[in-house]
Amino acid sequence: MRFHIQTWGCQMNDHDGEKLSGLLSAEGFEAVDSVEEAELVLLNTCSIREKAVHKVYSELGRLREEKLRRPLVVGVTGCLAQQEQAALFKRAPHIDLVLGTMALRQLPRLVAEVQAGRARVMDTTEYPDNHLFPPAVTRRRDTAKALVTITEGCNHACTYCIVPTTRGTERHRPYGDVLAEVRGLVARGYREVELLGQNVNSYAGGCTFADLLERVSEVEGLEWLRFTTSHPMNFTRELARVLVTNPKVVPFLHLPLQSGSDRVLKRMLREYTVAEYLERLGYLGEARTRMTLSTDFIVGFPGETDEDFADTLRVLEDVAFDGSFSFIYSPRPGTPALRLRDDLPMGVKSERLRQLQLRQAELTQASNTRFLGRVIPVRIETHGPTEHGWWLARSAEWKTIHLSVGPGRDLPFGELVPARITLASPHFLGAEPA
Ligand code: 5AD
Ligand code: SF4
C-alpha cells in the first residue's frame, strides 16, 4: 500500500509524522510524495487556532472528491483527531480512521482493520507510554537537524490553549533513552539535534532539563543542540547558565511571552508577570547580547484594552526581540477563555496584529543587520541550489541563510561551512562561502 502523510503544526507534530511514517514503512508500506499517488492518506493535524482546523476540513473536502473517483483510505491523526474524536466521523463521513496523539503505535492495527473491511475505526486512548516510542522505527524526513522527543504533554493551563486537551499531561522520557537516541543519530551522521516537548523546561526524566542538556552535549560528534519550547516559569538560573556556557547549546532562546500586560497575562493564566518574565531573561546576564531571542504573542485576547496592547508594544521595544510569532486570539473549544467576554471588533484585533508585526519586522531587520560582514558557521540544509540559485542554510541562532555559491561548486549537506554575511533582510541573511 502506498501512503502519504500531510502534516500541519509544530515540530512535535512534524516528528509524530516521522513516527507514523516509520510505523507504516515497517509494515512494508511505501511512502509517496503526493495524495494522487497514495492509497492511504493521513492528515496529521493541528488545532492550535481555528485557521489550522479550517485547512484540515478543506483538505478533507478535497479528499472526499478524490475518494469518489477511486479507492482511498483517509485517516486523521494529530491534535484535531484527539480533540474531536468520533465527532470527526459525523462531520466528514468519508474518514476511515481516527488516531489520537497518544496512541501512535496503534496505527498499523487500525489500518489493518480498515483493510479487513471495518468502517470508521478509532483509537484516541491516552496510552501512558506513547512517549517511549522506539526510535529505531522513526522514519526521518531528509533534514539536517534531527528531532528528539523528551517530554510530551503540558501541565500548565493557559486559558486560551487547546494543547493540554490534545496532548495530555506531562510524560517524560528517561534520560538514558534520550541519550541512546542521540548517540544513534550522531552515528548515522546527524550533527544537530533539537529536543522537543510542549514544555521542555519542566523535564523530569531522571534529571533536570539543564542536566539533560549537559549530558546530551557530551555526545561525541554532536555539534549543535537546540530545544523547543519553553515556559518562562520553568526557565531556571541553572538552565540559563547551561545556555550561556555550554558551547554546543546554540545561542538561541524561544521564550513565549504572549502579552506585555499583567492584566492580560493573569487572565491567560500564564503564571508570571512581565517583571518576572524580564527577570528570567536577566538570568542570561550580558551573554544575552550574543544570543538571539524570539517569542510568541497573542493579540486581541478577550478584554485586551488599548493600554494593554500599548504595554505589549512597550515590552517588544524594551526587549527588542530578534523575532516573534504573533497571532490573533482564536477561541478554542473547551478552553476556559471561552467564558471571557470577547467583544473587541476583529478590525481592531487585525490592526493590533499589523502594528506589532510591522515593528517586529524592523527589529528583526536591525537584528539581522548586526550580522553584516561577519563570518559565521552555517549548516547546509539543501542538497543543491534552490530554483533561485542559492543554497539554504541555518546559523546557530536559527537565522535563515541564502548562500550564493559559484557555479559547479557543491556544498556538503548537513555540514557546517563558514559563510560571510553580505546582505540583511527582515526574513533572511544573504551570504557567500568564506
Ligand atoms: N489563539 C491564538 N494563538 C494561540 N496560541 C496558542 N493558542 C492560541 C489561541 N487559542 C499561540 C501561542 C503559542 C503559540 C504556539 O500559538 O502564542 O505560544
Ligand atoms: Fe498544533 Fe499545538 Fe498540536 Fe502542535 S501541539 S500540532 S501546535 S495544536
Side-chain angles (χ1 to χ4, degrees), residues 5-20 42-56 76-84 99-102 104 124 130-131 147 149 151-154 156-171 196-201 228-233 253-260 264-265 267-272 277 294-302 304 312 316 321 323-340 342 344 346 349-350 352-353 356-357 360:
I5 304 181
Q6 193 172 345
T7 292
W8 290 271
C10 59
Q11 286 95 323
M12 183 68 90
N13 218 36
D14 249 357
H15 192 37
D16 281 352
E18 296 181 325
K19 293 174 180 176
L20 296 172
L42 292 184
L43 303 185
N44 189 26
T45 62
C46 171
S47 62
I48 194 91
R49 283 170 291 274
E50 209 174 353
K51 221 181 193 170
V53 174
H54 278 319
K55 287 185 195 159
V56 176
V76 181
T77 67
C79 286
L80 187 64
Q82 190 67 40
Q83 178 197 312
E84 292 296 321
L99 177 74
T101 55
M102 291 165 265
L104 299 188
T124 50
N130 186 65
H131 62 298
L147 305 172
T149 307
T151 101
E152 288 185 10
C154 181
H156 290 277
C158 305
T159 54
Y160 51 80
C161 191
I162 192 89
V163 172
T165 312
T166 62
R167 295 277 170 177
T169 48
E170 279 176 9
R171 289 140 287 139
L196 296 182
Q198 266 79 34
N199 180 13
V200 288
N201 304 172
T228 193
T229 188
S230 302
H231 190 289
M233 281 325 273
L253 177 64
H254 181 71
L255 198 62
L257 170 62
Q258 312 299 3
S259 167
V264 175
L265 287 174
R267 265 174 299 133
M268 289 178 165
L269 219 80
R270 283 295 284 175
E271 305 171 42
Y272 55 82
Y277 179 93
S294 81
T295 197
D296 291 340
F297 290 111
I298 295 176
V299 304
F301 190 73
E304 185 190 67
T312 295
L316 172 70
F321 288 102
S324 66
F325 301 94
S326 44
F327 317 95
I328 292 176
Y329 165 70
S330 170
R332 308 309 303 126
T335 56
L338 282 184
R339 291 195 292 272
L340 301 172
D342 182 12
L344 207 59
M346 190 41 101
K349 296 181 184 182
S350 319
R352 286 182 187 168
L353 186 70
L356 194 153
Q357 293 185 337
Q360 182 62 66

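Computed from heavy atoms alone, side chains included, the values below leave out hydrogens, waters and symmetry copies. Whatever order the structure lists ligands and atoms in, that order sets their numbers, starting from 1. All residue numbers refer to positions in the sequence shown, counting from 1.
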Looking only at side-chain N and O atoms, does [Y] offer a donor or acceptor that is under 3.5 Å from a partner on [X]?
X      : Y      : answer
Glu50  : Ser330 : no
Thr7   : Asn13  : no
Gln258 : Tyr160 : yes

So which protein heavy atom does [atom] come closest to, and at what separation?
atom                    : value
atom 1 (Fe) of ligand 2 : Cys46 SG, 2.4 Å
atom 7 (N) of ligand 1  : Tyr160 CD1, 3.3 Å
atom 3 (Fe) of ligand 2 : Cys79 SG, 2.2 Å
atom 14 (C) of ligand 1 : Asp296 OD2, 3.5 Å
atom 1 (N) of ligand 1  : Ser330 N, 2.9 Å

Does the side chain of [X] reach to within under 4.5 Å of the side chain of [Y], using non-hydrogen atoms?
X      : Y      : value
Leu43  : Trp8   : yes
His254 : Asp296 : yes
Leu196 : Thr228 : yes
Arg332 : Cys161 : no
Tyr277 : Leu265 : no
Lys349 : Asp342 : yes

Interfacing atoms of ligand 2 (cut-off 4.0 Å, heavy-atom, [X]):
X      : answer
Ile48  : 1 (Fe), 2 (Fe), 8 (S)
Asn13  : 6 (S)
Val163 : 2 (Fe), 5 (S)

Give a yes/no verdict on whether any heavy atom in [X] is under 4.0 Å from an atom of ligand 2.
X      : value
Gln198 : yes
Arg167 : yes
Gly78  : no

Inset, instruction - Please state whether the separation between atom 3 (Fe) of ligand 2 and some N/O/S atom of Cys10 is under 2.8 Å? - result: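 Coordinating: no.
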Legend entry - Ile328, portion touching ligand 1 at heavy-atom distance under 4.0 Å: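 Just the backbone.
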Inset, instruction - Pick one of side chain, backbone, both or neither for how Phe327 approaches ligand 1, counting any non-hydrogen atom pair under 4.0 Å. - result: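 It is the side chain that gets close, since no backbone atom is under 4.0 Å.
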Legend entry - Gap between atom CZ of Phe327 and atom NZ of Lys51 - 0.5 Å precision: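 Atom-to-atom, Lys51:NZ and Phe327:CZ are 10.0 Å apart.
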Inset, instruction - Return the orientation label for the His231 and His156 ring planes: parallel under 30°, perpendicular over 60°, tilted otherwise. - result: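 Parallel: the ring planes of His231 and His156 meet at under 30°.
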Legend entry - Check: Arg332 N/O within less than 3.5 Å of ligand 1 N/O: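 No; the residue has no nitrogen or oxygen that sits under 3.5 Å from a nitrogen or oxygen of the ligand.
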Inset, instruction - Could you say whether the N/O atoms of Tyr329 and ligand 1 ever approach to under 3.5 Å? - result: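 Tyr329 vs ligand 1: no N/O contact under 3.5 Å.
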Legend entry - The one among Gln258, Met268, Arg49 that brings a heavy atom closest to atom 12 (C) of ligand 1: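 Checking each option, the heavy atom nearest atom 12 (C) of ligand 1 is found in Gln258.
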